[in-house]
Visitor: 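Right, I'll just put the structure down here and ask away after.
Letters A, B, ... are given to chains in the order of the sequence lines, protein chains preceding strands, and every chain is numbered from 1.
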Number of protein chains: 2
Amino acid sequence: MPRGPRPFDLADCAHIGANCTLFNLRKASRVVTQFYDESFRGARLRGTQFALLAGIYWRGTATLTELARLLAMDRTTLTRNLRPLRTRGLIFTVPGRDRRSRSVSITARGRRALSMAFPRWQNAQSRFVRRLGRTQWRKLMHSLQAAVRLGDSV
Amino acid sequence: MPRGPRPFDLADCAHIGANCTLFNLRKASRVVTQFYDESFRGARLRGTQFALLAGIYWRGTATLTELARLLAMDRTTLTRNLRPLRTRGLIFTVPGRDRRSRSVSITARGRRALSMAFPRWQNAQSRFVRRLGRTQWRKLMHSLQAAVRLGDSV
DNA sequence: GCATAATACGAGTATATACACGCATCGGCC
DNA sequence: GGCCGATGCGTGTATATACTCGTATTATGC
């Protein structure tokens, strides 16, 4: 007769390293972050900051909430990530339509920093695509964007 | 006659959101982390901590450096990530072969926590695979593992 | 017009991540 | 046996990330 559910699923935990989406995604994130930051070493921007600044440049003026949603980032995280950029005068915030909201924009200095760092991004990006192979890279990008879309509906 | 390289590549920066591997990977990482952590809400472990604990369980006893390499994680990051697990008595460290090295192992309490949280992981994992579609999920995993392998040779 | 829900934001707290640096220890070389 | 590079770790510092809570403002229902 059945003994009911096992109390321990420990044996199954052995396969988490191979099967867990979260584990593998974060691991890849660490690897790629370090890969890109190699190219940004010695620059005053990191890869993450460069991408954020480029996002602000691309988006034009946006409120914190809009930008956070665009980046699938918690709003309070965005606020804190903006701080080093703001301190260095690469971005600025002004009151939005409401007296509640604040809008973020890139400064001239920010545009200069962006264009100065662009070759470093290009270097990291091309190194990465070459090492992975363009076909495999495209698959990776498609898969990532499919995963990101899951967040939109939530 | 050629004018040399343009001083500004700002126009190209507009495409970073679509092309940058780092940006898209970190964005996906945020989305998926939140997706998994929904299932771990109310539990005493987060998704990341569960995965780390499962890794320690799977690996058996390992030094910090070995484990960090296995996770593609900076050694000092691992030390800090272990702290909350250690404080709660889910893992313990003993001197290794050397008097320099320290080995990490899971405790009985850690095994219990792991098996208690396993259904939550299973819930998140199955929800994710279902939402993404099994075929697309497999592609994602393959792509991520290919990206991770880039770190091995570095 | 006013009470109330909804929206927008920051601060506090905690984890996740990595680099630079320094300390302790080990192994090899003389 | 002692020096010296290599190895293993922890701490200090800084960024990256998200949740909870509190405050201010706006919109809505009556």
Visitor: CZ of B:R69 versus P of C:dA18: gap in Å, rounded?
Guide: 14 Å
Visitor: Hey, any chance A:L64 and A:I56 share a hydrophobic cluster, counting ILVMFWY side chains that come within less than 4.5 Å of each other, even indirectly?
Guide: yes
Visitor: Figure out the CZ/P separation between A:R97 and C:dT7, and round it to whole Å.
Guide: 15 Å
Visitor: Find which nucleotide of DNA chain C each of B:A72 and A:L64 is nearest to by heavy atoms, and output the residue with the more 5' nucleotide.
Guide: A:L64
Visitor: Within this structure, what is the CG-to-C1' distance between B:L78 and D:dG8, rounded to whole angstrom?
Guide: 13 Å
Visitor: With a 4.0 Å cut-off on heavy atoms, is B:T63 in touch with a base, just the backbone sugar-phosphate, or nothing at all?
Guide: sugar-phosphate
Visitor: Does A:T77 contact D:dA16 through a side-chain donor or acceptor facing the base, at a distance under 3.5 Å?
Guide: no
Visitor: For B:D74 and D:dG8, give me the distance from atom CG to atom P, rounded to whole Å.
Guide: 14 Å
Visitor: Using only modelled atom types and a 3.5 angstrom limit, is any donor from either the side chain of B:R80 or the base of D:dG12 paired with an acceptor on the other?
Guide: yes
Visitor: Take A:L140 and A:F128, measure what side chain to side chain contact (heavy atoms under 4.5 Å, CB included) needs, and give me the verdict at the end.
Guide: CA-CA 12 Å; A:L140 173 62; A:F128 186 86; 4.1 Å; yes
Visitor: Determine whether a donor-acceptor pair (one donor, one acceptor, N or O, separation below 3.5 Å) exists between the side chain of A:R99 and the base of D:dT25.
Guide: no
Visitor: Which heavy atom of A:D98 sits nearest to which heavy atom of A:R100, and what is that distance?
Guide: OD2-NH2, 2.5 Å
Visitor: Using a cut-off of less than 4.0 Å, is there contact between a side-chain N or O of A:N81 and OP1 or OP2 of D:dT15?
Guide: no
Visitor: Would you mind reading off the distance between B:R46 atom CZ and C:dA16 atom P, rounded to a whole angstrom?
Guide: 5 Å
Visitor: Please pick, from C:dA18, D:dT17, C:dC19, the nucleotide with the shortest atom-to-atom distance to any side-chain atom of A:R41.
Guide: C:dC19
Visitor: Contact class for A:D98 vs. all strands (heavy atom < 4.0 Å): base, sugar-phosphate, or nothing?
Guide: sugar-phosphate
Visitor: Rounded to whole Å, please give me the gap between CG in B:L90 and P in C:dT15.
Guide: 12 Å
Visitor: Between C:dT15, D:dT15, C:dA18, which nucleotide has the shortest distance from any of its atoms to the side chain of A:R30?
Guide: C:dA18
Visitor: Picking from C:dC26, C:dA16, D:dA24, which would you name as closest to the side chain of A:R100?
Guide: D:dA24
Visitor: Going by side-chain hydrogen bond (donor to acceptor under 3.5 Å, both in side chains), B:Y36 matches just one of B:R120, B:Q125, B:R127. Which one?
Guide: B:Q125
Visitor: What pair of heavy atoms forms the shortest contact from B:F118 to A:D12, and how long is it?
Guide: CZ-CB, 3.4 Å
Visitor: Whether A:R111 engages the ring of A:Y57 as a cation-pi pair (distance to the six-membered ring centre under 6.0 angstrom, angle to the ring normal within 45°) should be assessed.
Guide: no
Visitor: Measure CD/A:Q49 against P/D:dA14 and give the value in whole Å, please.
Guide: 13 Å
Visitor: Whether A:T65 contacts C:dC9 is assessed here as follows: a side-chain N or O lying under 4.0 Å from the phosphate OP1 or OP2. Is that the case?
Guide: yes
Visitor: It should be established whether B:Q34 places a side-chain nitrogen or oxygen under 4.0 Å from OP1 or OP2 of nucleotide D:dA18.
Guide: yes
Visitor: Please pick, from C:dA18, C:dC9, C:dT25, the nucleotide with the shortest atom-to-atom distance to any side-chain atom of A:R75.
Guide: C:dC9
Visitor: Describe the nucleic acid contact of B:T76 in one word from base, sugar-phosphate, nothing, applying a heavy-atom distance below 4.0 Å.
Guide: base
Visitor: Strictly below 4.0 Å: does A:T48 bring a side-chain N or O up to OP1 or OP2 of D:dA16?
Guide: yes
Visitor: Take the protein atom CZ of B:R102 and the nucleotide atom P of C:dT25, then report the distance between them rounded to whole Å.
Guide: 13 Å
Visitor: Start at the 5' end of DNA chain C and walk down; is the nucleotide closest to A:R86 or to B:M73 reached first?
Guide: A:R86
Visitor: Using the side-chain heavy atoms of A:R26, tell me which of these nucleotides is nearest: C:dT7, D:dG10, C:dA16.
Guide: C:dA16
Visitor: Look at the side chain of A:S101 and decide which nucleotide, out of D:dC9, D:dT15, C:dA8, has an atom nearest to it.
Guide: C:dA8
